There are 2 protein chains.
Amino acid sequence: MGIKELARHLNISIGTVSRALNGHPEVNAETRKRVLEAAAALGYAPDQAGRSLRQGTLNVVALPLSTDLSSKTDTMFFMELSRGIQDRLSEHGLDLVIHLNKPGLDMLDRVKRIVERRQADALILAETRDDDPRLDYLAGRSFPFATMGRSWSGGSHPWMDLDFDFAMRAAVDRLAGFGHRRIALVTGDPGYMLDTMLRDAYRRELTGHALAVDEELMIKADTHEEGGYQAMTRFLALDAPPTAVIFPHYRAVVGAYSCLAEAGLQPGRDIAILSCSADTTIAQFMAPPLTCFRIDLYSLGRRLAEALLAAMPRFAESYGGALVQEVWPWELVGRDSDGFLLR
Amino acid sequence: MGIKELARHLNISIGTVSRALNGHPEVNAETRKRVLEAAAALGYAPDQAGRSLRQGTLNVVALPLSTDLSSKTDTMFFMELSRGIQDRLSEHGLDLVIHLNKPGLDMLDRVKRIVERRQADALILAETRDDDPRLDYLAGRSFPFATMGRSWSGGSHPWMDLDFDFAMRAAVDRLAGFGHRRIALVTGDPGYMLDTMLRDAYRRELTGHALAVDEELMIKADTHEEGGYQAMTRFLALDAPPTAVIFPHYRAVVGAYSCLAEAGLQPGRDIAILSCSADTTIAQFMAPPLTCFRIDLYSLGRRLAEALLAAMPRFAESYGGALVQEVWPWELVGRDSDGFLLR
DNA sequence: CTCTATTCCGTAAACGTTTACGACGATAGC
DNA sequence: GCTATCGTCGTAAACGTTTACGGAATAGAG
C-alpha cells in the first residue's frame, strides 16, 4: 500500500513512481500510464504525513469555530460560506477542515496549536473581535490567514466583509419613508466589530434624517431567539414604544415575533420589523415574511478563499500577490414585516 | 522550533527530550521539568506530520458532512452533536475535524480519500443511507468508525440512534387522544433509514389505534421550509384534509406554518401540527410553540464518541472493547401547536 | 566514430518524530 | 572487589514521501 510496494509491484524505482504520480515531465509517457493504472488498481494514495513531512505542506486550510456557535449565531451563514470556500480551495487541491473549539480552551490557544503543530497551511478566521489577539499572533509569525469580517484597524491581512453602512442606510431610508420616527436598534455582543459598526451607522442615519437618537431605543441583547424575545419585551414596556425595530440577526427576530404574538400584536401591521442579517430560507417563510438583505454567501466564500490564496506564498504568483480586502454590497429585499405606511 | 533545536538548547539528546515530553517514566524528574519549561518558553509543539509518520497515528477523528447540508437538513442538530463528540474525544487528546464534501465528489470517494491518505484515525458518519456503501468499505478495511443513525441491517459497527418507534407511538397516542382520526405524515428522502422507520411505525401505530391508513395522508417532501409548504398545500387541497399532521423536521414545519397562515388557518386551533424532530430553540418560539421531542444532543454526542473509542484498538481496553449500539429515548414536550381537543 | 545533448530513471538524503537498544555510572548485595 | 540491578540517557533506525544528483542509454551533429 505504500509507494515502495507499488514500485516493487511495477519493477520501477520509487523515485520514478513518485515523479509519475506528481506529474513531473521527466518521465516516459508509457511508464506514467502504467504507474497511474497500477495506483488506481491497488488503491494507492500518498500518505499525507510522509508527504507533509518532506515538503512542509499539508494542503489543508483550517477554519476554527467556537463550539457555542449553535446556541448563539447563525449556523446557516457559516455553512453556506464554508461551501463557497471549500469549492474554491479544492480547485487547488486544498481541503477545508473545520475545527470545533472545546470549551475552556480559548480561541487563541486553539489557533496557536494549529500553527505550532503545523496542522494546516493557512487559516480562515470568523467571529473576529474588535481587538482579536489571534490576528497579531498570526501576523507576527507571518502565517497565512484571512478573516470573515474586517477588524477595527482594517489590518494588513485579507478579509471579506459586508457593507453594513449601506444596510443601515437602506433600512433607515425605508422605515423613515414609511413614516416611522421612533426606530429602534437591537445589537449583540459589543465586542464584535459588526455591532459597533451598526450602532455608529444607526446614529449617523438617524441624524441624517433629522430624527432624534433616543438611547432607550438602542439596546444590547443576545443574538438568538431568547435575546430577541427579551429585547422586544423591554421595548413594549416603554412609555413610548418604537414603531419600528431593526434586528441584526434573524434568529432574534423569531423571538421578537413570538413576543409580539403573545402581546396580540402583528408584525407588519402594528409594528415594523426589519432584519439586517443575510436572507435565509426561513426569513421568507416567517409570518409575515421578513424584510432583510440578500447576499450571495456562496460567492462570498469563494472570494474569501481567493483572498487567502493570494496571501499564500505558494499561490501568490497566480493571484498577483495583492492584498484583497473587499466590502460586499447587498440588496434590501422588502417583504411584509415592515411594509406598511404609518398614519 | 524542532525537537532538535530544543534539545541543542538544553544540551540534551533529542531522545530524552521526546521521552520527557511524552511522559515516559525513565527520565529524571529534574530533567523533565527543565524540558517542559523550555518547551513552553520556546513555544515548541511536536510536528504532527513527523509524529504521525513515526507512530502511525494522527489523533484526529474526521466527520464528513455533505455540503448541501445547509439547504436540506438541520445544522443545529449536527452542531450540538459535534460539540458533545468533540468534548469527549478531546479527553483523549483527539481532535474532531469536519470535512465538507465538495459537490461532485460523492460521499464514498471522500471517505476513501480520508482513509487512503490516512487523514484520520477514525471516522464518524452521519446521514447514512439504507444501503450505504461507505459502511462496507470501512468495515472491509477494518477502519474504525461509528455512525449517527443505525443502518438497515443493524450492522456490526457502533452507532447511536433515536427511538423513532417511541416517538411515533407517543405522537399518535397524543393526537388520537385529542380526538384526531385523520392523522397525516410527511417524510423525507426515502433513501434514509429515518424515514423508512417512521413510515413503518406510523402504519403500525395507526392500526393499533384502529385507524385506517390512508395513502393520501402519507407524502414525501423535502425536509426544509419549501418542502413543508408544498406538503401542507397538497393536504389542504384534499377533499378531506387531515386534522393533524406529523412532520419529521422542524424546518418543514416553518413552511407548513407559512402555508397555513396564508390560508387563514391557525396551527393549534384549526389543525394540529406535531414534529418528531429534536427540540430546538426555535421550536418554542414559533407561533404557536411547536410540540416536538426533547433529547440531550450534547450527551448523545459524547456517548457516540465513546462508542467510537471502544472500537479503536488504541482505546478498546479502557472501554471493555464491547460493541456499543444504543437507541436513545426521548421525551415528548407538548406545546400549543397540537394541544387542542377536536370536537 | 566521437562528442554533446536529451531522455529517462535509479540512488540516497532529508523532513521531525518516536523508540528499541545499548551504555554509563551509581548503588547494593555477596 | 566482583557482579547484578537500577536509574538515566545517548545513538541510531524507522515511518513514507519528495527531489537533487548523477548515470545509462539513445539520438543527433560534426
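Model, not experiment: these values are computed from the prediction. Throughout, a chain's letter reflects where its sequence line sits, starting with A, and its residues are numbered from 1.
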**Request:** Using chain B heavy atoms and a threshold of under 4.0 Å, write down where along DNA chain D the contacts begin and end, 5' to 3'.
**Result:**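 Contacts span D:dT8 to D:dG16, reading 5' to 3'.
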Atom [atom1] in [X], atom [atom2] in [Y]: separation rounded to 0.5 Å?
{"X": "A:M107", "Y": "A:D132", "atom1": "CE", "atom2": "CG", "result": "7.5 Å"}
{"X": "A:S52", "Y": "B:R117", "atom1": "OG", "atom2": "CZ", "result": "11.5 Å"}
{"X": "A:K4", "Y": "A:S13", "atom1": "NZ", "atom2": "OG", "result": "13.0 Å"}
{"X": "B:S142", "Y": "B:H157", "atom1": "OG", "atom2": "NE2", "result": "15.0 Å"}
{"X": "B:L194", "Y": "B:E127", "atom1": "CG", "atom2": "CD", "result": "12.0 Å"}
{"X": "B:Y192", "Y": "B:R129", "atom1": "OH", "atom2": "CZ", "result": "4.5 Å"}

**Sequence-distant partners of A:D136, side-chain contact (heavy atoms from CB on, under 4.5 Å), two or more places apart** =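 None.
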**Message:** Tell me which residues in residues 4-14 of chain A lie within less than 4.0 Å of DNA chain C, going by non-hydrogen atoms.
**Reply:** A:I12, A:S13
**Request:** List in numerical order all residues of residues 34-47 of chain A for which some heavy atom is under 4.0 Å away from an atom belonging to DNA chain C.
**Result:** none
**Prompt:** Which sits closer to the 5' end of DNA chain C, B:G50 or B:R19, going by the nucleotide each is nearest to?
**Reply:** B:G50
**Message:** Run the ring pair (Phe, Tyr, Trp, His ring centres under 6.0 Å) test against B:F77 and tell me which residues pass, sequence neighbours left out.
**Reply:**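 Expected list: none.
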How would you label the contact of [X] with the nucleic acid (heavy atoms, under 4.0 Å): base, sugar-phosphate, or nothing?
{"X": "B:E26", "answer": "base"}
{"X": "B:S52", "answer": "nothing"}
{"X": "A:G15", "answer": "base"}

**Request:** Between B:R54 and B:V27, just flag the one whose closest nucleotide in DNA chain D comes earlier from the 5' side.
**Result:** B:V27
**Angle by which the axis turns from one end of the helix from C:dC1-D:dG30 to C:dC30-D:dG1 to the other, five pairs per end, to 10 degrees** = 60°
**Message:** Closer than 4.0 angstrom, basic N to acidic O: yes or no for A:E116 and A:R113?
**Reply:** no
**Request:** Indicate yes or no: does B:E30 engage B:K33 in a salt bridge with an N to O separation below 4.0 Å.
**Result:** no
**Message:** From CG of A:N28 over to C1' of C:dT7, roughly how many Å is that when rounded to an integer?
**Reply:**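 Value for this atom pair: 9 Å.
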**Prompt:** Does any N or O in the side chain of B:D95 come within less than 3.5 Å of the main-chain N or O of B:V60, such that one atom is a donor and the other an acceptor?
**Reply:** no
**Message:** Between A:S90 (side chain only) and A:D87 (backbone N and O only), is there a donor and an acceptor less than 3.5 Å apart?
**Reply:** yes
**Asked** Is the gap between the ring centers of B:Y319 and B:H92 under 6.0 Å?
**Response**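 When the ring centroids of B:Y319 and B:H92 are compared, they turn out to be within the sub-6.0 Å range.
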